[in-house]
Asks: 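Please find one structure pasted underneath; my questions will follow.
Residue numbers begin at 1 in each chain, while the letters A, B, ... track the order of the sequences.
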Amino acid sequence: MRYLKRRIFQALGAFLPNSYLQGFATASLYQGSLKTVCSPLLNCYACPSALLSCPIGTLQHFMVTGAFPYYGAGTLAVIGASVGRMTCGTLCPFGFLQDLLYKFKSWKTTIPAWTRYFRYAVLAGLVFIIPYLTQENWFSKLCPMGTLIGGLPWVTLNLNVRSMIRWLFWVKISILLFFITVSLSVKRPFCRAVCPLGAIFSVFNKSSFLQLAWNPDTCTRCGKCQKICPVDIRPDRNPTNPDCLRCLDCTRCPSLKATTVLHRNPFGVPAAGEKGTDIPSEVAAR
Amino acid sequence: MRWRPVAFVLTFVAAASLFAYGYFREELGEVMFNAAML
């Protein structure tokens with residue numbers, strides 16, 4: 001049931017920020033006041049049906065203009081401080097797509113843990129430093145979500161845009177196809193290794209209001225939580241793991257529960273792991 | 001851990017300050033301009 005709820009939230013996260021459907025009919029962008037809101041999702045604001053602004057696009061724009069993005073960074077920091085990476089796990093449309101692709105029967109594998117550091121390099125390089133130096137939004141130029149819901153619809157809808165296709169478009173298509181293909185075999189490869197928005201939210205996981213609690217007294221270390229985890233981590237080994245999407249799928253195990261920094265269950269039921277949001281030293285040493 | 005609620009409060013206050021500073025600097029207009037320029 002909880003799993004189905006997450007799928008419903010993910011579907012809403014994909015549809016509601018992109019519900020200006022007349023944008024497709026009129027081949028135009030929504031330019032109302034909602035575009036001043038940075039969505040906490042990787043959702044391209046060049047999509048004809050997008051209602052909200054892309055947070056990463058906004059950060060890059062400010063770097064291009066040589067100004068610090070206080071409003072955009074503040075929006076993301078408030079959300080990160082409240083729920084950590086929860087929007088990645090429950091609302092992000094590109095995460096939803098990767099989750100669905102992984103459901104297909106195919107050869108499955110994992111990616112090395114060190115690839116997680118690459119997303120911080122992408123955040124620093126493609127979102128802050130290179131746009132500042134080159135005055136170009138380089139992450140947006142390469143973003144696979146931008147290609148999927150921004151680039152491809154515009155190429156389909158508008159002949160002028162189609163005539164402007166150059167080599168960069170094919171690079172974007174290749175990146176999109178690469179992540180679609182890899183998502184068939186690896187759990188959320190883009191979120192884990194590349195997403196700069198996930199990199200921002202992940203630094204808040206340790207101190208966010210919403211926390212994951214683990215009860216070492218009831219945990220049998222069976223590892224089933226890793227099997228259902230959409231990013232292939234062991235939440236029992238580190239409930240504050242920066243990779244954790246706070247999707248709460250693992251809370252189907254009674255040893256793991258959603259809680260808060262004040263050790264109170266946000267959903268009204270006593271948290272199973274009130275005494276165990278941190279790893280006991282014998283587990284950490286393994 | 002006892003430090004976690006303190007870390008949350010400090011982080012949240014810093015985040016809200018950043019947001020409020022950007023809001024009162026009228027950065028929303030720049031965000032809107034950026035979205036319109038696509």
Asks: Is there side-chain contact between B:Val31 and A:Phe62, with heavy atoms separated by less than 4.5 Å?
Replies: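 With C-beta onward as the side chain, the pair touches.
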Asks: Is atom OH of B:Tyr23 surrounded by more than 12 heavy atoms (other residues, nucleotides or ligands) closer than 6.0 Å?
Replies: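 At most 12 heavy atoms, drawn from other residues, nucleotides or ligands, come within 6.0 Å of this atom.
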Asks: Which atom names give the shortest non-hydrogen contact between A:Phe68 and B:Glu27, and what distance separates them?
Replies: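 Heavy atoms of A:Phe68 and B:Glu27 come nearest at O-OE2, 3.5 Å.
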Asks: So, do B:Phe8 and A:Ser208 sit near enough that their side-chain heavy atoms are less than 4.5 Å apart?
Replies: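 In short, these two side chains do not touch, never coming nearer than 4.5 Å.
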Asks: What residue in A:Thr58, A:Thr75, A:Thr36, A:Leu29 has the most heavy-atom pairs under 4.5 Å with chain B?
Replies: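 Between A:Thr58, A:Thr75, A:Thr36, A:Leu29, the count favours A:Thr36.
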Asks: Can you name the nearest heavy-atom pair linking A:Gln31 to B:Met32, along with the distance?
Replies: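 Closest heavy-atom pair between A:Gln31 and B:Met32: O-CE, 3.1 Å.
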Asks: Specify which of A:Cys38, A:Ala81, A:Ala77, A:Gly150 makes the most heavy-atom pairs with chain B at under 4.5 Å.
Replies: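 Counting heavy-atom pairs under 4.5 Å, the top option is A:Ala81.
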Asks: Looking only at heavy atoms, what is the nearest atom pair of B:Pro5 and A:Leu262, with distance?
Replies: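 Reported closest heavy-atom pair: CB-CD2, 4.2 Å.
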Asks: Side chains of A:Tyr45 and B:Asn34: does their closest heavy-atom pair fall under 4.5 Å?
Replies: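 Side chain of A:Tyr45 against side chain of B:Asn34, heavy atoms only: contact under 4.5 Å found.
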Asks: Given that the side chain runs from C-beta out, which part of A:Thr65 has a heavy atom under 4.5 Å from chain B: side chain, backbone, both or neither?
Replies: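 It is the side chain, since no backbone atom gets that close.
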Asks: By a 4.5 Å heavy-atom criterion (distance strictly below it), what part of A:Phe204 contacts chain B: side chain, backbone, both, or neither?
Replies: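 For A:Phe204, side-chain heavy atoms alone lie under 4.5 Å from chain B.
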Asks: Tell me whether the rings of A:Tyr71 and B:Phe19 are parallel (<30°), tilted (30 to 60°) or perpendicular (>60°).
Replies: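 Tilted, since the angle between the ring planes falls between 30° and 60°.
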Asks: How far apart are the closest heavy atoms of B:Phe12 and A:Ser82, and which atoms are they?
Replies: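 Looking at all heavy atoms of both residues, the shortest contact is CE1-OG, 3.5 Å.
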Asks: If we only count heavy atoms from C-beta on, is the B:Arg4 to A:Thr240 side-chain gap below 4.5 Å?
Replies: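 Yes, at least one pair of side-chain atoms sits under 4.5 Å.
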